[in-house]
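Everything below concerns the one structure shown next.
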Amino acid sequence: MSQPITKLLVANRGEIARRIFRTCTEMGIATVAVFSEPDRNAPFVREADEAVALGGATPAESYLRGDAIVAAARRTGSDAVHPGYGFLAENAAFARACGDAAITFVGPTPDAIEAMGSKLQAKRRMEAAGVPVVPGRDVTGLDGADLQAAAERVGFPLLAKASAGGGGKGMRIVRSPDELQSAVAAARREAAGAFGDDALMLERYVERGRHVEIQIFGDGHGNVVSLHERDCSIQRRHQKVIEESPSPALSDDLRARMSDAAVAAGEALGYVNAGTVEFLLAPDGEFFFLEVNTRLQVEHPVTELVTGLDLVRLQLMIAEGQPLPHEAGTAQLRGHAIEARLYAEDPTAGFLPQTGRVTRFAVPDGVRVDAGVESGSQITVHYDPMIAKVIAHAPTRTEAARLLSDALRRTEVHGVATNRDLLVRVLAHDEFLAGEADTSFLERHDPARLSAPLPDTGDEALHAAAAALAGQAERRAAARALRTFPSGWRNNPSQPQETRFEGARGSLDVQYELERDGNVILLRVNDEELPSPRLTTRRADLVELEIEGLRRSYRLRRDGAIWWINGPEGQSALRELDRFPDTGGDAQTGSLTSPMPGTVVRLLTPAGAQVERGAPLLVIEAMKMEHEIVAPVAGTVANLHVEQGAQVDAGAVLAVIEEDGASPS
């Protein structure tokens with residue numbers, strides 16, 4: 001019997017909460033958010049009709065508290081809960097608790113979630129349903145010779161994989177017998193720590209395999225359909241980075257066979273709502289069942305773009321008791337869609353997550369953006385560091401890749417290090433464009449090399465020139481007199497003005513000389529003169545620079561001492577060095593402030609210490625560049641206002657120095 005949903009609580013955060021709210025608004029369904037303390041001012045909280053504070057900061061204190069979320073649904077009169085993905089999305093106990101409270105859970109039944117929660121049980125069930133599975137063995141509790149014997153029966157190379165959980169945790173590739181014991185022990189430790197369950201299985205490891213998944217939907221009337229595939233082969237540490245539909249590796253016949261296997265899996269489960277059946281595709285076209293994700297996937301937008309269906313709308317309709325609409329059973333593939341996950345992380349340091357404030361975030365028009373952040377949002381240590389999913393849809397795969405690559409190149413994302421440059425290079429890589437990338441792509445191709453700054457040495461020099469000219473315009477705009485005159489201008493020629501920067505490739509020394517009308521006479525970077533320079537526009541936020549008849553526009557933004565420059569080549573972050581080094585004669589006592597937004601990576605001097613002028617106190621890191629904060633005078637470190645690891649904004653007070661001989665205030 002159909003039960004309309006009038007108010008929906010989303011038991012999640014960030015971009016997926018915003019995504020679900022968008023469809024709810026289109027369907028006339030009221031929305032409720034739940035939020036942790038760090039998310040109090042997040043966009044998804046603001047966009048909900050109502051929001052309930054869960055308290056705490058960590059997931060365990062907030063988004064994993066099923067009882068608190070059910071209580072929030074009752075308090076707000078919500079008749080349904082959507083779990084999104086992650087957190088409680090595949091928690092059968094939570095789904096059951098919602099049902100016990102007479103609240104509709106937008107997802108599969110608790111029994112289906114439980115059946116697929118253990119990879120070992122799921123594999124046995126799929127094998128019984130005739131779905132091809134990867135040859136493997138349950139090695140829970142096995143050790144020594146028994147473990148070795150089980151591994152020999154599976155064959156090397158193999159994958160030691162946790163039965164519970166996902167996200168690449170508790171997984172180790174084992175290529176030879178002498179690696180087995182240590183790899184299994186490490187996988188068990190990681191699985192126990194992440195999921196509280198060290199059950200393990202060994203599976204044959206398919207070299208040069210592809211990760212291909214089928215989107216299925218089932219309703220309460222016995223219908224299960226396939227909405228075609230997504231190829232998620234570009235991964236790092238078993239976590240997806242780029243996803244696309246359709247897969248370049250599938251023929252029409254292979255697509256039909258994989259879709260039939262996925263539907264058979266859904267029918268064996270009596271599956272209801274959205275689910276994804278994941279397969280490993282071998283180079284010879286053989287495919288094997290991996291697992292069923294009993295929820296909406298992060299990469300669902302690519303399916304929406306190639307089928308024209310709103311998957312969240314389908315979820316809500318099915319949760320209301322409606323049958324699948326005709327268009328879900330007859331959906332055809334239209335064009336090609338590619339999604340890239342834009343993360344605050346450093347691929348050159350093992351994809352280390354980054355934290356800090358996203359001081360600006362803007363993506364050009366022409367692509368879909370599902371984002372949990374906006375300009376000013378904070379990336380914290382508590383949650384996944386995804387900034388946004390950027391998705392392009394075009395008539396052909398080549399066009400979609402080109403469109404997405406160009407949009408990412410032009411994206412302005414300031415304040416934190418990201419994987420953007422890596423994404424751009426992967427999308428333009430010959431192997432990817434040929435449709436030949438597999439799950440070991442980022443093992444064959446060094447992520448550090450792929451993540452080198454997009455602007456090359458010459459382009460970075462032009463970025464520095466633009467930043468120097470923008471800084472000059474900024475200073476003139478702030479001047480109290482003679483604003484129309486260039487800074488340093490004289491009736492008679494004088495020495496050029498100079499601005500020094502530190503960039504990803506080292507120091508950049510810019511010298512320039514301007515005429516009274518603002519046109520540039522001389523422009524030199526690191527003693528190399530730029531020929532025939534002309535300025536079309538010179539503002540603090542925009543510089544149009546022409547070199548030998550080639551004109552380029554640069555958009556600029558300053559965060560303290562950091563200049564962010566976006567041009568047609570990509571984005572640079574340059575730290576402007578002090579124009580007038582402190583000689584100590586006019587040093588001011590009191591508060592030392594941060595010259596840039598960043599992270600306190602080292603505390604070098606404790607509070608209460610006596611220091612000499614110029615003594616290093618602490619180090620701030622921003623965009624992989626370090627800035628040493630030194631004492632401006634001899635004295636006592638009266639206060640340290642920050643701790644190691646703290647995130648600071650430009651202008652934040654870091655420490656207070658009490659000058660020797662000064663009277664306490």
Side-chain angles (χ1 to χ4, degrees), residues 1-114 117 196 219-220 272-275 294-296 311-322 372 382-383:
M1 182 177 176
S2 180
Q3 295 182 328
I5 295 171
T6 59
K7 183 182 286 190
L8 179 82
L9 182 147
V10 176
N12 218 294
R13 64 179 297 279
E15 57 89 14
I16 187 56
R18 299 180 83 186
R19 162 71 192 90
I20 295 165
F21 291 159
R22 188 164 66 244
T23 290
C24 286
T25 299
E26 293 170 357
M27 295 178 70
I29 297 172
T31 57
V32 179
V34 291
F35 61 92
S36 66
E37 203 55 37
D39 281 340
R40 176 171 291 276
N41 298 313
F44 79 94
V45 178
R46 185 175 66 247
E47 291 170 6
D49 295 319
E50 299 174 85
V52 179
L54 296 174
T58 67
E61 296 170 322
S62 53
Y63 300 108
L64 290 174
R65 292 178 59 206
D67 56 342
I69 291 172
V70 170
R74 282 175 163 162
R75 178 182 175 188
T76 56
S78 301
D79 41 33
V81 167
H82 195 306
Y85 45 70
F87 297 131
L88 297 171
E90 294 178 282
N91 187 305
F94 177 65
R96 197 167 278 120
C98 289
D100 292 344
I103 297 167
T104 299
F105 179 79
V106 182
T109 64
D111 289 345
I113 296 173
E114 265 174 355
D219 62 22
V272 174
N273 218 280
T294 53
R295 54 171 168 80
L296 194 67
L311 300 195
V312 174
R313 179 185 289 269
L314 288 182
Q315 284 192 291
L316 296 175
M317 291 171 60
I318 291 166
E320 289 180 326
Q322 299 182 46
H382 302 296
Y383 313 114

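Values reported hereafter were calculated over all heavy atoms of this structure, with side chains retained and with hydrogens, waters and symmetry mates removed. Along the sequence shown, residues carry numbers from 1.
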Decide yes or no on side chain to side chain contact (heavy atoms under 4.5 Å, CB included) for Ile16 and Phe87, but give the supporting numbers first. CA-CA 12 Å; Ile16 187 56; Phe87 297 131; over 6 Å; no

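- Put simply, the side chain of Asp49 never gets that close to the backbone of Ala30: no donor and acceptor are under 3.5 Å apart.
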Begin from the C-alpha positions of Arg96 and Asp111 and carry the test side chain to side chain contact (heavy atoms under 4.5 Å, CB included) through to its verdict. CA-CA 9 Å; Arg96 197 167 278 120; Asp111 289 345; 3.4 Å; yes

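- Applying the side chain to side chain donor-acceptor pair (under 3.5 Å) definition to pairs two or more places apart or across chains, those involving residues 68-77 are Thr76-Ser78.
- Remark: Phe44 pairs with no residue by the ring-ring contact (aromatic ring centres under 6.0 Å, His included) rule, at least two apart or across chains.
- With rounding to the nearest 0.5 Å, the separation of SG in Cys24 from CD1 in Ile29 is 5.0 Å.
- Nearest approach of Val81 to Ala11, heavy atoms of both residues: CG1-CB, 4.0 Å.
- Remark: Lys7 NZ to Ile103 CD1 distance equals 12.0 Å, nearest 0.5 Å.
- The existence of a salt bridge linking Arg46 and Asp39 is excluded, since no basic side-chain nitrogen approaches an acidic carboxylate oxygen closer than 4.0 Å.
- Between the CD atom in Glu47 and the CZ atom in Arg18 there is a gap of 4.0 Å [rounded to 0.5 Å].
- Asp79 CG to Leu9 CG: the interatomic distance, rounded to the nearest 0.5 Å, is 10.5 Å.
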Quick one: side chains of residues 64-72, donor-acceptor pairs under 3.5 Å with protein atoms, not counting sequence neighbours, listed by atom name and distance.
unit_1, atom_1, unit_2, atom_2, d
Arg65, NH1, Leu54, O, 2.9

Test His382 against Glu61 for side chain to side chain contact (heavy atoms under 4.5 Å, CB included), laying out the working first. CA-CA 11 Å; His382 302 296; Glu61 296 170 322; over 6 Å; no

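- Between the Glu50 side chain and the Val32 main chain, no donor and acceptor come within less than 3.5 Å of each other.
- The two atoms that bring Pro83 and Ala89 nearest to each other are CB-CA, 3.5 Å, heavy atoms only.
- Judged by distance alone, with hydrogens and angles left aside, the side-chain atoms of Asn273 form a donor-acceptor pair with the main-chain N or O of Gln315 at under 3.5 Å.
- Closest approach of Ala92 and Pro110 over heavy atoms only: CB-O, 3.5 Å.
- The two residues Phe35 and Arg40 have their closest heavy-atom pair at CD1-CA, 3.7 Å.
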For the pair Ile20 and Val106, evaluate side chain to side chain contact (heavy atoms under 4.5 Å, CB included) and give the outcome as yes or no after the intermediate values. CA-CA 11 Å; Ile20 295 165; Val106 182; over 6 Å; no

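- Across all their heavy atoms, Ala274 and Pro108 have their closest contact at O-CD, 4.5 Å.
- Closest of all the heavy-atom pairs between Ala57 and Ser62 is O-OG, 4.2 Å.
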